There are 2 protein chains.
Amino acid sequence: MGFHMKLTDRKKQILKIVVENYIATADAIGSKAIVERLPGKISSATVRNELADLTELGYLEQPHTSAGRIPSAKGYRLYVNELMEKRALSAEETEKINQTLSGKMSQVDQIIAKAGQMVSSFVGYPTYAVADHRSATSVKRFELIAMDENSFISVVMLSDSRVKSQLMHLQLPIEPEKLPELSHLLNTHFTGIRSDDMNSRLMSLSDQVSGQWFLLLNQVVDYACELLRDASHQEVFTNGASQLLNFPEYRDLDKAQDIMSFMVDNKENLPLPTDDAPMQILIGPENVNEALKESSVVIASYDIGDNMRGLVGVVGPTRMDYATVAARLSYFAESLSRMFGKNNQLPPKEEKE
Amino acid sequence: MGFHMKLTDRKKQILKIVVENYIATADAIGSKAIVERLPGKISSATVRNELADLTELGYLEQPHTSAGRIPSAKGYRLYVNELMEKRALSAEETEKINQTLSGKMSQVDQIIAKAGQMVSSFVGYPTYAVADHRSATSVKRFELIAMDENSFISVVMLSDSRVKSQLMHLQLPIEPEKLPELSHLLNTHFTGIRSDDMNSRLMSLSDQVSGQWFLLLNQVVDYACELLRDASHQEVFTNGASQLLNFPEYRDLDKAQDIMSFMVDNKENLPLPTDDAPMQILIGPENVNEALKESSVVIASYDIGDNMRGLVGVVGPTRMDYATVAARLSYFAESLSRMFGKNNQLPPKEEKE
DNA sequence: GTTAGCACTCGTCTTCCTTGAGTGCTAACC
DNA sequence: GGTTAGCACTCAAGGAAGACGAGTGCTAAC
């Protein structure tokens, strides 16, 4: 048996049958059952020979001597790369997706969260969703609004077009007329910079402004720093994690516990795409994370606004239905890009400063 | 055997032993083991007689003829109401809580979410957290900030002191000077009312303002409506749901699936307290929700700001360690109230209009 | 009211056996 | 050479039978 021998067509065909059978039934398949699904008339003994070869080459595994064959991670990989038929979505499926998308969504966080939710219910696997900031976030604009003499609202617009605001209170009263002046100060000194630089800027102002003003500035700058920090390690939304318990591979309570706690409590280190491909598939041990070594992840990204992308990851057992998931997920991602991408939502903006 | 016969002290003592044993081990206990934990010298036959009585009265159950006794829901209830010793927290425990609480939190949503998280890790059971608006939310103040001639920021302050804001785009350009005028319009007509009434108000303005202005108002009012709607069915945060899988009562995959999907995907109808008691315990079948009939929930509430309370619920099997959970949870709730309650955070405000 | 004694119940664990799907190998075939 | 029939072998799964033992309920005596 050669090392880098190219697989014969028949071997590939058999591998494909094994993979698809396992995806559908979670059961090993034997030579006899394979013969039935193979087009020509071939004896089971022949198939057994082929199976032995495929096993030796590492594409298949047998759980125990008399149990038929199941795909190995390497087998899945070959299947995904070469054998899998890119499924086209049926008219009903695209229709259903379009319908799901038609509800209006306004805020970025909402789009991200909702996207995960929609994908999950549509592909039938749990998902996670997160925003991907392509470049460092900074503040684009400050605005202070007087409420009464002891409190005011500070509004902070970030470079990714999100706007955040909060009510703030003061120890000492301030005349409302002063606020525009302070806003101006903030806008001239604290926009377009990274959160790390904010404090030093603030310090350099400390002798130019009165103590009372300084306290106020400090409050607002603190708030902005907090926002920028949050922006860098973004919230991860997960959906439908409990669906995992339906799959027989997580019947083992320990495995279920592992994967669930990872999806629910440890969301932060779910995998992010490593390159710019529109879609990426990580199969079993290809996942760096220990808790995912027996699971697979399909990740897609889509555009929202400028300088931002949304990510959706689908999580399932290694025998996940890659063909269907990939088809649906990529259609989803494309639709989302079309709806919320740069061209559609935001008028082009030049970067500040 | 009388109907409303008051239980003898010995019966109560035995019930207590059964409950606490079951809480600790999840196993039924028999007469012989009970004798060992009972102070005086009593024979197992006597205990058997007592057990038979308690079973007939509905406080105990036997899984099968030769399996000892476990508490029924009624037994738990008696235990919680009368027998449970209110645990005092140890110095280390209060210290640990205080330490956990010392990190600063600014925004209301953050407090809610963080509280659930902290409680979960501290009581060792999953929790859920939600904000409880005591009175209907309305808009307190609008503010529009010009960005460029095609876009502006609308800032909406709600009656519960939260401030939300969003960037909005216009089809037709508008002169920035007009915005204060429009803000004023919004503040006079759309503050202090319920979201249901907003549309009719908007309609009544439709012939007083130009079409272009109307579009803008419409956009802002829509946004406000959305916020008010969100406020009424508030987001529910859950934490540590996967811990449930540790408990033997959820070893059954179907039950695990039920409770997990309830905690993760169906959070909205986790129980809210039915009265104003600072803490409430719902035992097994006392829960209205089908998925919780075999679980218990301990709910506590705490004050944040004016007109708002935070809720934390602890979810676990019926044999949850009520004494410990209750002690820790109530200390937590009190501490949170002390930190974020009316007196500390917000200066008193009179209601608008 | 309490206790000792005893027959009885019933879930759990272990052992042993059967069954059958699936394999790998050999030898014959085209 | 690849292909096929035949056959002995393996091994997980499922079921039956029995031993074990924790726990009960009842009776009769204290």
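The structure displayed is predicted, hence computed values, not measured ones.
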Handout entry: B:Q280 side chain to B:T274 side chain, donor-acceptor N/O pair below 3.5 angstrom
Key =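 Result is yes, a qualifying pair exists.
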Exercise for the section: State whether a side-chain donor-acceptor pair under 3.5 Å links A:S120 with A:Q243. Expected result: yes
Do any side-chain nitrogens or oxygens of [X] fall under 4.0 Å of OP1 or OP2 in [N]?
X     : N      : result
A:R10 : D:dT3  : yes
B:Q62 : D:dG25 : yes
A:S31 : C:dT23 : yes
A:S66 : C:dT23 : no
A:T65 : D:dC11 : yes
B:R69 : D:dG25 : yes

Exercise for the section: Please confirm whether B:K255 makes a cation-pi placement over B:Y250, using NZ or CZ under 6.0 Å from the six-membered ring centre and within 45° of the ring normal. Expected result: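 Here B:K255 fails the 6.0 Å and 45° test against B:Y250.
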Given atom [atom1] of [X] and atom [atom2] of [N], what is their separation to the nearest angstrom?
X     : N      : atom1 : atom2 : answer
A:R48 : C:dT26 : CZ    : P     : 14 Å
A:I42 : D:dA5  : CD1   : C1'   : 16 Å
A:N21 : C:dG22 : CG    : P     : 10 Å
A:L51 : C:dG24 : CG    : P     : 8 Å
A:E50 : D:dG2  : CD    : C1'   : 10 Å
B:I29 : D:dT24 : CD1   : P     : 10 Å
A:K32 : D:dA5  : NZ    : P     : 13 Å
A:D9  : D:dG2  : CG    : C1'   : 16 Å

Handout entry: Ring centers of B:F122, B:Y331 separated by less than 6.0 Å
Key = no
Fill in the blank from the handout: Contacts of A:T55 and B:A45 projected onto DNA chain C by closest heavy atom; the upstream (5') one is B:A45
Practice task
Choose from D:dA5, C:dT23, C:dT3 the nucleotide whose nearest atom is closest to any side-chain atom of A:S43.
Solution key: D:dA5
Problem - Shortest side-chain distance from A:N49, nucleotide among D:dT3, D:dG23, D:dA5 - result: D:dT3
Exercise for the section: Classify the nucleic acid contact of B:S44 as base, sugar-phosphate or nothing, counting any heavy atom under 4.0 Å across all strands shown. Expected result: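 Counting heavy atoms under 4.0 Å across all strands, no contact is made by B:S44.
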Exercise for the section: Would you mind pulling out the nucleotide paired to D:dA29, Watson-Crick or G-U wobble, both distances under 3.5 Å? Expected result: C:dT2
Problem - Mutual orientation of the aromatic rings belonging to B:Y22 and B:Y76 [parallel < 30°, tilted 30-60°, perpendicular > 60°] - result: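 B:Y22 and B:Y76: tilted rings.
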